[in-house]
Amino acid sequence: METAETLFVQVERFIQNEALIEPGDGVVVAVSGGPDSVGLLHLLFALSGRYRLRLTVAHVNHGFRGAEADREAEMVKSLAERWGLPVETTFIDMPRIIEETGRNSQAAARDKRYEFLFDVARRTGSRRIALAHHADDQAETVLMRLLRGTGPTGLSGIPVRRMAENGLELIRPLLRIYKADIIRYCEAEGLPYCTDSSNLERKYVRNQVRMDVLPFLSRYNEQLPAALNRLAETMAGEDDFMDREVRRICERHVTRKNACYSFSAKWFTGVHVALQRRLIKLILNYLASDPDSMDFLKVEQFRTAVLRERPSNFRLEIGQNIALSREYDRIAVHTMVLRPLPYAYMLREGQTELAIPETGVRLTLRSLDSEEEHPECTDAWTACFDAEELAMPLTVRSRLPGDRMKPLGLNGTKKVKDMFIDAKVPPTLRETIPILADAGGSVLWVPGVRRSSAAAITGRTKRMLHIQVDIHGKDFY
């Protein structure tokens, strides 16, 4: 970077091109006291008049470095006062928190820091939170993820912008600027800054990558940091395109009902493998309490299970209380649920409706004279019986082992279980379909499958009972 003025122009152009800030915005600037955040604050302060920005300085003392951290906090306050900017500071006893929780120190500190920044943004009515990540941070992040093993999303690195909670947006105006240029800017402008001694401690992986791995690999490519930044920028664009595409096909082909996502196995087979993996990851992200733990191996286990043609019905536990179920052509990904409790309800004379709370199924009943115009029983979810031929009272119950029925049009009886299999009724739906039985326990009707030969409508029928069953999932087979 030749001059401080050149860097200023470059950052302003980047902010404009990426639409990171709009005129009149409230912006919380996270300032640690290092050259990166001090440079960022000065640049935004220089732009604040032209863009009518309402800047708030935010600083966190994590309690890790004693007097050194205290000096940083005082310097940040002094800078804010010099430029007439409001400043919010906080002290967090991270050593105590880490001892109590056993969490990773850097991850825990980051969470607490963001929690404070979000709180400051809400209290000051700010929409943006400006962070001082720069191009060297980006190169280190991409290399670290590459060493751990990552996909396109990981290779896209640190995002230029990210929507956080409650409409707050994290922005990184310096992400295309290298640290050496930021330091030169601070020195040219006479800006004071502090040096964090923990950045020299090799116990942190990022420090090892910065001080050891990057210099070693740069022997093979002097422009390695720039190459890693180009990779991140390229992958960010492609990752965004793929993310939009997978969300489009998810909206079009995946059905969501409560905590269950379902789709056609045949359709999934024709989807490109890259979108198959992304679709699986997207669904798992919706359901998992810890989406980051749903790694490549979990996704591949899921994908290969869906692609297998046999068995046609199975259940696979994925982890985090999530299960994958296949029922013929239908794939369902859902949180694990208990089987419905057994139930039995007696139908009273003249009853017109029955709700089954155990399954959410609802029955509608109508008693009709033969002279009345009556609805046709046009599908397997409606049935008409000769009311005078029925052995009352009727019972609506859950199915029992060994249930048999004499189907209309067939000689002899057949197991209800075999009828379900022949009709390819999904196993989970079998648990919710009610059984209609007469006073003697004989099965009269298995909704969605078949009715029995008992109490069939004939020309001599004078009074009939019409029953309709409303059940979620009946369209899946």
Side-chain angles (χ1 to χ4, degrees), residues 312-313 327-328 330 339-368 370 374-477:
S312 57
N313 295 288
E327 297 176 341
Y328 303 106
R330 207 70 191 169
R339 296 177 62 176
L341 294 172
Y343 61 88
Y345 295 94
M346 188 176 295
L347 293 176
R348 303 185 305 274
E349 185 73 26
Q351 187 171 344
T352 60
E353 191 174 74
L354 172 66
I356 305 174
E358 290 84 353
T359 61
V361 174
R362 183 175 296 275
L363 281 71
T364 304
L365 303 92
R366 296 175 64 184
S367 182
L368 302 166
S370 59
H374 58 84
E376 297 291 333
C377 297
T378 55
D379 61 45
W381 299 98
T382 56
C384 292
F385 299 92
D386 188 325
E388 295 180 345
E389 295 294 321
L390 290 171
M392 303 295 282
L394 304 182
T395 300
V396 177
R397 61 169 173 80
S398 51
R399 68 184 179 117
L400 300 173
D403 269 342
R404 303 184 72 93
M405 185 178 79
K406 184 178 181 182
L408 181 65
L410 292 181
N411 293 323
T413 63
K414 191 169 185 177
K415 287 184 178 180
V416 170
K417 177 182 177 180
D418 292 338
M419 292 166 60
F420 277 137
I421 294 172
D422 292 345
K424 294 187 175 181
V425 177
T428 52
L429 189 58
R430 297 174 198 172
E431 300 300 326
T432 60
I433 292 177
I435 300 295
L436 180 69
D438 65 13
S442 297
V443 176
L444 300 174
W445 182 34
V446 181
V449 184
R450 299 194 72 161
R451 59 154 292 165
S452 75
S453 58
I457 301 297
T458 68
R460 296 188 299 275
T461 299
K462 296 182 179 179
R463 190 165 58 87
M464 66 183 66
L465 177 64
H466 177 273
I467 307 176
Q468 179 175 334
V469 171
D470 183 21
I471 178 173
H472 170 70
K474 66 182 182 182
D475 297 329
F476 285 177
Y477 75 99

Quiz item: Counting only N and O atoms by type, is there a donor-acceptor contact under 3.5 Å from the side chain of D386 to the main-chain atoms of T458?
Solution: no
Quiz item: Of all heavy-atom pairs between L363 and P434, which one has the smallest distance, and what is that distance?
Solution: CD1-CG, 4.3 Å
Self-check item: Other residues, nucleotides, ligands: >12 heavy atoms within 6.0 Å of D418 CG
Solution: yes
Quiz item: Between the main-chain N or O of M405 and the side-chain N or O of S452, is there a donor-acceptor pair closer than 3.5 Å?
Solution: no
Practice problem: Flag the pair I467 / L436 as yes when at least one side-chain heavy-atom distance between them is below 4.5 Å, and no otherwise. | Solution: yes
Quiz item: For the residue pair P393 and M346, what are the closest heavy atoms and their distance?
Solution: CG-SD, 3.6 Å
Practice problem: Any salt bridge (Lys or Arg N to Asp or Glu O under 4.0 Å) involving residues 401-410? Give me the pairs, sequence neighbours left out, ordered by first then second residue. | Solution: R397-D403
Exercise. Examine distances only and state if a side-chain atom of R399 and a backbone atom of G402 form a donor-acceptor pair shorter than 3.5 Å.
Key: no
Quiz item: Are any non-hydrogen side-chain atoms of V361 and V469 less than 4.5 angstrom apart?
Solution: yes
Practice problem: State the CG-CD distance between D438 and E389, to the nearest 0.5 angstrom. | Solution: 12.0 Å
Practice problem: Hey, could you give me the OG1/CG distance between T352 and L347, rounded to the nearest 0.5 Å? | Solution: 10.5 Å
Quiz item: Shortest non-hydrogen contact from L390 to F385?
Solution: CD1-CB, 3.9 Å
Quiz prompt | Side-chain heavy-atom pair R430, I421 within 4.5 angstrom cut-off | solution = yes
Practice problem: Could you go through the side-chain contact (heavy atoms from CB on, under 4.5 Å) check for F420 and V446 one step at a time? | Solution: CA-CA 9 Å; F420 277 137; V446 181; 3.8 Å; yes
Quiz item: What are the two closest non-hydrogen atoms of T461 and A456, and how far apart are they?
Solution: OG1-O, 4.2 Å
Quiz item: Any donor and acceptor pair, going by atom type alone, linking the side chain of R463 with main-chain N or O of E388 inside 3.5 Å?
Solution: no
Quiz item: Nearest heavy-atom pair of L354 and L365: which atoms, and what distance?
Solution: N-CD1, 4.3 Å
Exercise. Go through the side-chain N and O atoms of Y345 and E358 and say whether any donor and acceptor fall under 3.5 Å apart.
Key: yes
Quiz item: Testing I433, T432, L341 for side-chain contact (heavy atoms from CB on, under 4.5 Å) with T359, which one passes?
Solution: T432
Exercise. Please say whether more than 12 non-hydrogen atoms of neighbouring residues, nucleotides or ligands are located less than 6.0 Å from CD in E353.
Key: yes
Exercise. Write down the atom of P407, the atom of G412, and the distance for their closest heavy-atom approach.
Key: CD-O, 3.8 Å
Self-check item: Any donor-acceptor N/O pair, R451 side chain to C384 backbone, under 3.5 Å
Solution: yes
Quiz item: Would you say M392 has more than 12 foreign heavy atoms packed within less than 6.0 Å of its CE?
Solution: yes
